[in-house]
Structures are given as structure tokens and as C-alpha cells.
Amino acid sequence: MNAGALTHKSRTKGRRMARGPAMEGAARAGLTARGVIYVLVGALAVRIGLGDGGPQADRGGALAEVAGEPFGAVVLWALGVGLVGMALWRLSEAVFGAAGKDGGKPKKRLLSAGRCLFYSVVAWSVLAFAAGAGGSGSGSSDRQSRDFTARALELPAGQWLVGLAGAGVVGAGLWIGGRAALRKYHEHLRLGAMSRRVRQGVDVTGVGGGVARGLVFATAGVFAVRAAVAYEPDRAKGMDDTLRAFKDTPLGPSLLVAVAVGLVLFGVFSFAMARWRKF
């Protein structure tokens with residue numbers, strides 16, 4: 001057997017494993033873990049919108065809330081492991097291509113690689129928190145954002161780098177919200193396995209949650225662009241400060257509550273994806 005045949009055989013085997021039951025289970029665990037975190041962050045933001053200052057409405061605040069509950073340590077480890085599964089699933093898509101006719105295109109693979117990197121960082125922070133390094137997982141997203149922006153601005157062409165990164169986040173937010181509004185997620189769901197009422201519920205969570213998530217991303221990106229233009233890293237905002245900024249709009253706390261409820265909906269939508277997504 002020549003080298004080409006061996007390579008083809010190994011790729012076929014790897015692709016089969018990437019789409020097998022083990023990777024499917026990892027993906028479903030990751031989607032569930034993502035859902036838990038978004039539900040918690042959204043609930044914390046609702047409290048802020050209703051006048052309770054409360055803890056940080058970001059991943060760190062969510063982890064701290066979990067840690068304070070009975071069996072909190074077990075749940076934290078479960079979330080971390082689930083997010084590792086999410087990262088591995090996205091890695092398999094980057095290497096072997098995602099499910100669907102266009103899953104092997106370079107654009108799709110690159111997107112999966114970016115998601116793998118993102119969820120690897122999130123998984124590491126959750127596991128670090130679970131292991132007792134609370135500062136690694138529960139640090140304020142606002143402080144982390146400001147520190148990162150300050151370091152980036154000191155680089156050559158730092159203002160351009162931060163500005164372009166912020167514009168990229170704005171674009172990502174608009175893309176996330178737009179795809180949700182157009183219900184593009186339908187192509188990934190086993191709609192035939194759902195009842196009519198379940199499909200309606202999934203659309204409520206998918207559209208409402210996706211639009212809210214996209215709005216938060218886009219708003220955070222705008223703050224990053226402003227920080228770059230003004231050369232002031234303090235203008236950059238993490239999840240918590242971005243959410244709190246909605247209180248300062250003419251709509252006041254009601255807008256924050258609406259966005260927060262949207263994040264809860266996205267968490268519920270993640271549970272639906274874990275149940276009905278096609279692999």
C-alpha cells in the first residue's frame with residue numbers, strides 16, 4: 001500500500017471518528033455547558049437591570065454563583081469538561097470539515113478553528129476556577145478587556161490593531177444577530193423530529209437569544225473602536241460593563257432587562273441545539 005493510500009485511509013478514519021458518537025456526545029455536552037453559562041449571565045444581568053447591583057454579569061460572576069451552591073464544585077468541573085468537548089468538536093470540524101455539503105470549505109474550517117481557540121480559552125478559565133485558581137476564571141471581564149487593550153495599544157500600529165479588532169467584533173455581532181433573525185440555525189437542526197409547538201419555542205429562543213447575543217457583541221466592539229480612536233484603554237468594556245451600558249441609553253434599565261432576558265433565551269436555545277442539532 002503506497003503512502004497516498006495510507007494517507008487517504010487515515011483521513012477517512014479520522015473523519016469517521018470526528019463524526020462518530022463520541023464526538024457527538026462531546027458536542028452536546030459543550031452546547032449544554034454553554035447554555036448554563038448564558039442562562040446564569042443573563043439572570044445576573046436581569047438582577048442588575050432591576051436595581052440589584054449584584055455580582056459581575058459575566059462568566060466570572062456566573063462561576064462564582066455556581067461555586068456558592070451545593071455541589072457547586074462538581075458542576076464547575078462538569079462545565080469545564082463540557083467546554084473542552086466543545087473545543088474538541090470545533091477542532092474536528094477545522095481538521096476534517098463540518099457536517100453538510102459546504103462543511104469542508106476553507107472558510108468553514110477557519111471559522112471552526114477560531115471557535116476552537118475561543119472555547120479552549122473559556123474551558124481553561126473554567127477548569128482553572130474549578131481547580132482553585134479563582135483569579136484565572138473569575139476575574140472581571142471589564143478589567144481583562146482594559147488590560148488587554150492597554151497592552152495592544154502599546155504595540156506598533158496598536159491603535160489600528162485595536163480598531164480593526166473592534167470592528168471585527170462589531171461585524172461578528174451583526175453577523176450573529178442577522179443569522180439568528182433569518183433563522184439560519186434551521187439548517188443545523190433536525191426539525192422533523194420536533195413537534196410544531198417545540199419548533200415555535202426553539203424559534204423564540206433562537207431568534208430572541210441570537211439577536212441579543214449579537215447586540216452585546218456589536219456593542220462591545222463599538223467600545224473597543226472608541227478606545228482605539230481615543231487611545232484610552234479604559235473605554236474598552238467587557239461583558240459586564242457592556243451590559244450595564246444599556247442602562248445609560250434613553251430606554252434605561254428596561255433595555256438592559258430585555259437584552260438580559262435575550263441572553264437567558266440564548267442559553268435555552270443552546271440546550272435545544274444540544275438536543276436536536278444534526279451531526
Side-chain angles (χ1 to χ4, degrees), residues 14 17-44 55-69 71-96 98-99 108-145 147-148 165 169 172 176 188 209-210 213 216-217 220 238-240 263-264 266-275 277 279:
M17 291 178 61
R19 296 177 184 173
M23 193 57 66
E24 179 179 334
R28 295 191 192 281
L31 289 166
T32 301
R34 184 183 72 176
V36 171
I37 291 175
Y38 267 97
V39 167
L40 290 173
V41 171
L44 291 174
Q56 296 282 318
D58 54 18
R59 185 173 65 250
L63 296 180
E65 287 287 295
V66 171
E69 297 297 324
F71 304 105
V74 175
V75 176
L76 287 173
W77 281 107
L79 290 175
V81 171
L83 290 168
V84 169
M86 175 76 95
L88 291 174
W89 170 43
R90 293 306 189 182
L91 176 61
S92 72
E93 289 187 332
V95 175
F96 300 107
K108 293 275 189 177
R109 289 175 182 264
L110 185 61
L111 184 60
S112 292
R115 287 167 169 167
C116 171
L117 178 61
F118 173 77
Y119 283 110
S120 295
V121 173
V122 176
W124 175 83
S125 69
V126 174
L127 290 172
F129 185 87
S136 299
S138 64
S140 165
S141 62
D142 306 316
R143 184 178 66 250
Q144 293 170 358
S145 180
D147 291 346
F148 177 81
V169 175
I176 289 170
H188 300 298
R213 183 177 180 234
V216 173
F217 270 72
M239 172 73 85
D240 181 71
L263 295 181
V264 173
F266 183 77
V268 176
F269 174 71
S270 294
F271 299 149
M273 290 291 282
R275 173 65 177 82
R277 185 181 170 99
F279 293 97

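Numbers for residues simply follow the sequence, beginning at 1.
Considering all non-hydrogen atoms of both residues, Ala43 and Val264 come closest at N-CG2, 3.7 Å. The shortest heavy-atom contact between Arg59 and Ser125 is NE-OG, 3.2 Å. For the pair Ala113 and Ala94, the tightest heavy-atom approach, listed with the atom from each and the gap, is N-CB, 3.8 Å. Shortest non-hydrogen contact noted between Phe266 and Gly210 is CD1-N, 4.1 Å. Across Gly80 and Ala123, no two heavy atoms sit closer than the pair O-CB, 4.1 Å.
Within the 4.5 Å cutoff, the side chain of Met273 has heavy atoms near those of the His188 side chain. Looking at Phe271 and Val36, their side chains come closer than 4.5 Å, going by heavy atoms from C-beta outward. Counting only heavy atoms from C-beta outward, the side chains of Val268 and Tyr38 never approach each other to under 4.5 Å.
In this structure, CD in Glu69 is found 10.5 Å from CG in Leu76, a value given to the nearest 0.5 Å. If you take CZ on Arg90 and CG on Leu117, they are separated by 13.5 Å, rounding to the nearest 0.5 Å. How far CE of Met86 is from CG of Leu79: 12.0 Å, rounded to the nearest 0.5 Å. Going from atom CG of Leu31 over to atom CZ of Arg277 covers 7.0 Å, rounded to the nearest 0.5 Å. In this structure, CG in Leu63 is found 6.0 Å from CD1 in Ile37, a value given to the nearest 0.5 Å. Rounding to the nearest 0.5 angstrom, the gap separating the CG atom in Leu83 from the CZ atom in Arg34 is 10.0 Å.
For Phe279 and Trp89, the gap between ring centers is short of 6.0 Å.
With sequence neighbours left out, the salt bridge (Lys or Arg N to Asp or Glu O under 4.0 Å) criterion links Arg28 to Glu24.
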- Message: Using side chain to side chain contact (heavy atoms under 4.5 Å, CB included), reason through Ser120 and Cys116 one step at a time and then give a plain yes or no.
- Response: CA-CA 6 Å; Ser120 295; Cys116 171; 4.0 Å; yes

- Step by step, would you call Val39 with Leu263 a side chain to side chain contact (heavy atoms under 4.5 Å, CB included)? CA-CA 7 Å; Val39 167; Leu263 295 181; over 6 Å; no

